[in-house]
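See below for the structure under consideration.
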Amino acid sequence: MQRQDIFDSYKNYIMPTYTKVPLIFVKGKGSRLWDIHSKAYLDFFPGWGAGNLGHCHPKVMSAVRDQVSKLIFIPNNYYHPPQAKLARELIYWSYPGKVFFCNSGAEANEAAIKFSRKFGQGRYEIITFVNSFHGRTLAALAATGQKKYQQGFAPLPEGFKSVKFNDLQAVKDAITDKTVAVMLELIQGEGGINVADKDFVLALRKLCDEKKLLLIVDEVQTAIGRTGKLFCYQHYGITPDIMTLAKALGGGLPIGVMIVKKEIADTMGPGMHASTFGGGPVICKAALAVLGAVQKEKLLANAQKMGQYLFAGLNELKAKYKIIKEVRGLGLMAGVELEIEGKPIVEKCIEQGLLINCTHEKVLRLMPALNITANQIDKAIGILGRVLNNTDAHG
Ligand SMILES: *Cc1c(COP(=O)(O)O)cnc(C)c1O
């Protein structure tokens with residue numbers, strides 16, 4: 001297919017639910033992508049948070065190839081080794097519990113919401129936070145504390161209240177005798193890279209214990225080394241009651257996971273929840289390869305080290321350019337809040353061969369692969385610096 005054919009096909013046959021960048025990609029390796037004209041790009045936002053190993057990691061590719069040649073799919077009323085191994089591995093690296101497999105972040109959160117209601121035996125209200133993002137299915141959307149995503153889809157399932165982030169009193173004020181859970185992103189990704197305060201999280205954990213509320217931590221964007229630890233909650237010295245995972249765990253293939261702590265995991269029994277493709281053999285092999293690569297290639301240490309390097313570079317830009325209001329984040333999850341709209345900056349970076357994202361209108365989001373190098377960071381900071389320099393001078 002030629003370039004124009006491809007654009008036409010999208011225009012005529014694909015629902016226009018995405019704001020699109022007019023680039024057609026055909027190949028990827030690590031942090032590099034090539035478009036249809038063989039132009040190379042440096043990808044500092046691989047897979048919208050799903051690309052923690054970069055593109056086409058060799059261990060993921062060979063694990064998938066190997067499994068595809070043996071057995072592609074087996075439904076969940078039977079057993080298969082990759083699912084058994086992946087569940088054991090996830091529990092080993094997190095906390096004693098049990099796992100439910102599905103295919104996406106929204107589905108994992110949907111499972112957590114259903115689980116909470118079953119657990120609540122009549123208690124059903126879930127407290128979430130302003131500027132959170134939990135996915136696009138109706139219940140996950142109701143949990144999402146951003147009106148812009150909800151507009152036009154009423155009525156949403158009831159029982160959700162969004163309160164101010166990092167505000168314990170706001171949570172306390174929202175609790176009723178119907179409340180069953182609090183759902184939290186430790187770093188709000190889509191909401192603008194807002195980092196939860198440690199004191200707030202510790203106090204929230206205590207509050208949830210006192211009031212017998214489940215603490216659901218949505219790690220769909222923060223997990224698998226993104227913040228320099230395998231799971232972000234490990235920075236805070238707490239353990240969630242429920243954690244949801246998706247994005248980076250599949251190494252580029254779709255997966256969703258809910259992990260429920262052991263004591264309550266058998267709240268759900270046969271027939272209460274299901275997902276046809278959840279935890280299939282191919283995706284489980286891919287996820288095992290991802291976890292293996294994170295360990296063997298010491299990617300957590302690299303994410304910490306390169307994270308510091310990235311933040312040092314971004315803070316230098318902040319010292320130079322007045323249009324940068326704040327630099328924030330953790331590990332390799334970086335947000336650069338601007339005084340102006342971020343869209344033109346992103347477009348100019350893309351023209352210069354650097355792929356980044358803008359969220360919450362004014363926040364540039366950089367989330368490079370965990371195996372990013374200092375050279376690649378220098379290159380990205382160089383491009384961003386030139387773009388900001390031109391914008392500052394003309395703005
Ligand atoms: C992306 C995201 C989701 C939704 O995941 P999908 O796989 O797109 O359904 C949920 N929560 C958070 C924190 C996310 O970043």
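Just so you know, ligand 1 is whichever comes first in the structure, and atom 1 is the first atom listed for that ligand. Counting begins at 1 with the first residue of the sequence. On a predicted model such as this, the values are computed, not experimentally measured, just so you know.
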Interatomic distance, Q67 atom CD to L288 atom CG [nearest 0.5 angstrom]:
10.0 Å
For ligand 1, which is the ligand I care about here, please tell me if A246 has any N or O atom under 3.5 Å from one of the ligand's N or O atoms.
no
Flag if over 12 foreign heavy atoms under 6.0 Å of NZ, K261
yes
In the protein, which heavy atom is nearest to atom 11 (N) of ligand 1, and how far is it?
D218 OD2, 2.8 Å
What atoms of ligand 1 come closer than 4.0 angstrom to any heavy atom of S104?
7 (O), 9 (O)
Sub-4.0 Å atoms of ligand 1 with respect to non-hydrogen atoms of A106
4 (C), 5 (O), 6 (P), 9 (O)
Parallel, tilted or perpendicular, as decided by the 30° and 60° cut-offs, for the rings of F73 and F277:
tilted
If we count only N and O atoms by modelled type, under 3.5 Å, do the side chains of N131 and N194 hold a donor and an acceptor together?
no
Geometric class of the F115/F119 ring pair [parallel <30°, tilted 30-60°, perpendicular >60°]
parallel
Relative to ligand 1, is F133 under 4.0 angstrom through side chain, backbone, both or neither, heavy atoms considered?
both
Could you check atom 6 (P) of ligand 1 against the protein and tell me its nearest heavy-atom contact, residue, atom and distance included?
G105 N, 3.5 Å
N109 heavy atoms, cut-off 4.0 Å: which ligand 1 atoms fall inside?
10 (C), 11 (N)
Looking only at protein heavy atoms, identify the closest one to atom 14 (C) of ligand 1 and say how far it is in Å.
K247 NZ, 3.0 Å
Using the six-membered ring wherever Trp is involved, compare the ring planes of F25 and Y41 and label them parallel, tilted or perpendicular (cut-offs 30° and 60°).
perpendicular
side-chain contact (heavy atoms from CB on, under 4.5 Å) evaluation trace for L141 with L156
CA-CA 8 Å; L141 193 61; L156 294 173; 4.0 Å; yes
Is atom 8 (O) of ligand 1 in close reach of the protein, with a heavy atom under 4.0 Å away?
no
Check each of E185, E219, R136 against atom 13 (C) of ligand 1 and report the one with the nearest heavy atom.
E185
